[in-house]
Amino acid sequence: MTDNREAQPIPGTPNSVPPSIEEPTQPHEPLPPKPDQSGPETVGPTGQPTGNDSARNAQSGTYLTTAQGARLYDSDHSLKAGPRGPVLLQDHHLREKITHFDHERIPERVVHARGAAAHGVFRGYGSASKISRAAFLAKDVETPVFVRFSTVLGSRGSADTVRDTRGFATKFYTEEGVFDLVGNNIPVFFIQDAIKFPDVIHAGKPHPDREIPQAQSAHDTFWDFVTLHSEATHHTLWNMSDRGIPRSYRMMEGFGIHTFRLVDAEGATTLVKFHWKPRLGIHSQVWEEAQIACGVDPDFHRRDLADAIEAGAFPQWELGVQTFPDNPEQMFQGIDLLDPTKIVPEELAPVQPIGLMTLDANPSNYFAETEQVAFHVGNLVPGIDVTNDPLMQGRLFSYIDTQLTRLGGPNFPQLPINRTHAPVNDMLRDGMHQTAVHRGVAPYRPNSLDGGCPFQAGADTGAFVEVPAEVAASRKVREAPESFDDHFSQPRLFWLSMSPVEREHIVAAYTFELGKCYEQAVKERGLKVLARIDGRLCEQVAAGLGLPAPRPDGPLADPQPSAALSQVGQTWPVDGRVIGIVADGNADLDGVRAVRRAVQDSGMVPLVIASAGGVLDADGDPVTVQRTFATARSVEFDAVLLAGAPGGAGTAADPRLLVLLNEAFRHGKAIGAWAGGDQMLASAGVPQGAPGVVNGGAGTEVLEQVTGLLGGHRVWDRFPATA
């Protein structure tokens, strides 16, 4: 079969050049990277630009060598005393190769171990200049970024689509130093004080005696903790909503969680909360989709991100801020801005866009970039400062302490992915993995032997100067302010803001999670917490557990719902959507070709599905098959189109295809058919005339209607909603 990757820009190509069937033997330089790939920018360990292409950080040369560059004639056989003799200690290549292999793995992150990442650029709108002097926020300033998405609880080997909080960490390589915005896809956290962080993670991780369940919160220790520690209620409710199982990283909001303090050119301060708003809208999987994906494609989210970038459907997010007066109380509309378990509804403080981030390149090496990247809440630049949020204060210590252990010493900022693009003269010396070659004899201040260099900077020369905020004279205590005591009004706000179908999903999630607990007391305590949120929610979950619904032990709050919290009811762009086109050799292949072109022209990705791989109509204009009935499931596609009835409908239909179509219908996917495809839909149990099922005479006409449905993410009218 000829390689047609130019004619068929379908993501998933392993390398930039197609392989030969036989092992290549003609020496040549390493292959160039694929067009979608990029490495860290080539700056030195002290932030100096090298002017080199990023390929200078990659392997080079035609021949296999040792780490020191000596060419090797054999890497398949150890040096032995005769063909059957013992291996000799002098085999330096064996020892180097095995020793490096033995140390290829570094300790994985305690949390956020499972991650995916991409390179991109952030462009400031200039609208933030009136509240922050941060240079990267100025109008049309472009700043390189590296973004890592992750799940919190699972190990590196866990699945992507588990119900969990997602990390959304962005490293800005600004001209004033590195700024890390280390957030999540949920705007609130389980705890109000960092001293509780080990507790919530120990509770959420697998049980220590059996090391199960992996990457799940549906077990006793988690629910034991969050039902006893009721400040976790708000975050837990978000996690039980559809936000806990996003459709894609590309369709996921991000939040800075904490309240930050911005500083303008005159030194005036404003309190803000950071928001990432995806251009594609906010979209989630349904629970069955998530479960199927965990089995058939545990790499679902990282594959989706990489494929979208490779296909040219670059994900974008607007960075926005909610702004608040920096008053002594640090309160806004009765909401404590230092409480990380609280949000400020967007109706009270609209999110104001300040810049656009576009992810346009995949990493070229997962370990060197995605795994070794090190984020730190304390990586700040002039114009952005912290507040006294007790969770943020603890993170300022914890992150750098973690990197010292995980990355083997204090020089982790010199790893290529972590290097700042600003000049570095830090007087820090030596240590493990020191790659900078420092000059001078006086790494101390003051000095005269190095001519007094480095010199301290002032605010007028770009120094980072902490805001001289007042620190109240008080006694040392281990307490929280009274405003931190309200743990239920905002969870009720979230519940009341959900659409009926979203409430139904929350009920199902709580019923499943509490139903997986062994201890009856934990289930009953969970119901007592739900009673404080909403009576109907508590009653439905109790019915599913076969338990009586308790009455609330306090009055229910009466908040105003926030439409911004619901994922349902808006229309979004269709860029990067994946369209499955089912066909066989007897199908309307001209229609398939036309649909495929139209899908690509719309910025979406077409994948042809058939009973077997290869091409359809090999004697004419071939239609390449990207998926087969053995490898395709509904979870991969945003819509499924049928070009006829492949293999025949009724009893002749391939049962694997019937499963795909039935899943697509159950999961609320748009479905289209032409040229007799309606017969196959009937065989799959898909009712004619059902919401989101389109039948037409031509493939492009069907696609046009299906594309209109994709703007709403899912055909919500198919879902019963009684909550």
Side-chain angles (χ1 to χ4, degrees), residues 114 116 149 151 154 158-166 185 215-218 239-252 278 280-305 307-308 498-499 501-513 567-568 572 574 576-580 582 604-605 607 609 627 629 631-641 656-671 684-686 690-693 706 709-710 712-721:
R114 174 75 177 181
F149 305 103
T151 54
S158 58
D160 278 347
T161 61
V162 295
R163 183 181 293 282
D164 197 0
T165 305
R166 265 72 182 178
N185 73 321
Q216 294 184 51
S217 57
N239 238 11
M240 294 303 106
S241 77
D242 292 340
R243 303 284 187 137
I245 42 175
R247 157 65 178 85
S248 162
Y249 291 136
R250 300 177 292 124
M251 304 166 195
M252 187 177 83
L280 297 180
I282 314 153
H283 186 28
S284 295
Q285 294 186 319
V286 296
W287 180 229
E288 187 184 46
E289 275 186 295
Q291 292 176 299
I292 293 172
C294 281
V296 301
D297 189 3
D299 307 304
F300 184 84
H301 282 151
R302 65 172 62 181
R303 189 190 312 281
D304 175 90
L305 178 67
D307 282 358
M498 294 295 99
S499 66
V501 67
E502 289 171 306
R503 293 186 189 182
E504 191 78 12
H505 292 168
I506 292 172
V507 168
Y510 271 106
T511 305
F512 173 84
E513 297 260 328
Q567 297 183 101
V568 176
W572 304 99
V574 297
R577 302 292 179 144
V578 180
I579 310 299
V582 184
M604 300 185 291
V605 178
L607 296 178
I609 310 166
R627 299 291 186 272
F629 296 163
T631 62
R633 294 294 288 268
S634 167
V635 294
E636 185 175 9
F637 308 107
D638 295 286
V640 177
L641 305 181
R656 297 169 297 179
L657 176 56
L658 299 182
V659 168
L660 185 150
L661 296 172
N662 189 265
E663 285 176 354
F665 182 77
R666 293 202 313 272
H667 301 158
K669 306 290 180 72
I671 300 174
V686 177
V693 178
V706 166
L709 293 167
L710 287 174
H713 287 315
R714 203 177 291 274
V715 184
W716 295 107
D717 291 347
R718 285 198 207 136
F719 293 95

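- In this structure, R577 forms no cation-pi arrangement with W572, as its terminal cationic atom is not both closer than 6.0 Å to the ring centre and no more than 45° off the ring axis.
- The heavy-atom pair separating D242 from S284 by the smallest distance is O-OG, 2.6 Å.
- Note that CD1 of I245 is 10.5 Å distant from NE2 of H283, once rounded to the nearest 0.5 Å.
- One finds a salt bridge joining R114 and D299 here, because a Lys/Arg side-chain nitrogen approaches an Asp/Glu carboxylate oxygen to under 4.0 Å.
- In this structure, D307 and E636 have side chains that are not in contact, with every pair of non-hydrogen atoms separated by 4.5 Å or more.
- Scanning all heavy atoms of the two residues, the minimum distance from T161 to A293 falls at OG1-CB, 3.7 Å.
- Between the side chain of R166 and the backbone N or O of D164, at least one donor-acceptor pair lies under 3.5 Å.
- Between the side chain of K669 and the backbone N or O of V640 there is no donor-acceptor pair closer than 3.5 Å.
- Contact detail for C294 and P298: the closest heavy-atom pair is O-CB, 3.6 Å.
- Listed for the R718 side chain is a donor-acceptor partner under 3.5 Å among the backbone atoms of F665.
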Walk me through whether R714 and H667 qualify under side-chain contact (heavy atoms from CB on, under 4.5 Å).
CA-CA 8 Å; R714 203 177 291 274; H667 301 158; 4.1 Å; yes
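- L709 and G692 get closest at one heavy-atom pair: CD1-CA, 3.7 Å.
- Panel note: side chain D160, backbone R302; a donor-acceptor pair is recorded below 3.5 Å.
- In this structure, the side chain of T631 does not engage the main chain of R627 through any donor-acceptor pair within 3.5 Å.
- The residue from V582, V659, L660 that alone fulfils the side-chain contact (heavy atoms from CB on, under 4.5 Å) condition with F629 is V582.
- Between the side chains of H301 and R250, no donor-acceptor pair of N or O atoms lies under 3.5 Å.
- Between M251 and L280, the shortest heavy-atom contact is CG-CB, 4.0 Å.
- Counting heavy atoms from C-beta on, the side chains of S217 and M240 come closer than 4.5 Å.
- For N239 (side chain) and G244 (main-chain N/O), no donor-acceptor pair under 3.5 Å exists by modelled atom type.
- Atom CZ of R303 is separated from atom OG of S248 by 13.0 Å, given to the nearest 0.5 angstrom.
- D304 and R247 are joined by a salt bridge, as a carboxylate oxygen and a charged side-chain nitrogen come within less than 4.0 angstrom of each other.
- Between R243 and Q567 there is a side-chain heavy-atom pair separated by less than 4.5 Å.
- Considering every non-hydrogen atom in both A639 and L710, the closest pair reads CB-CD2, 4.1 Å.
- Taking the side chain as every heavy atom from C-beta outward, F512 and R163 never approach each other to under 4.5 Å.
- Counting heavy atoms from C-beta on, the side chains of V635 and V296 come closer than 4.5 Å.
- Taking 4.5 Å as the limit, some side-chain heavy atom of T165 sits within range of a side-chain heavy atom of N185.
- In this pair, H505 and W716 present their aromatic rings tilted. The plane angle is within the 30 to 60° band.
- Between the side chain of R656 and the backbone N or O of A632, no donor-acceptor pair lies under 3.5 Å.
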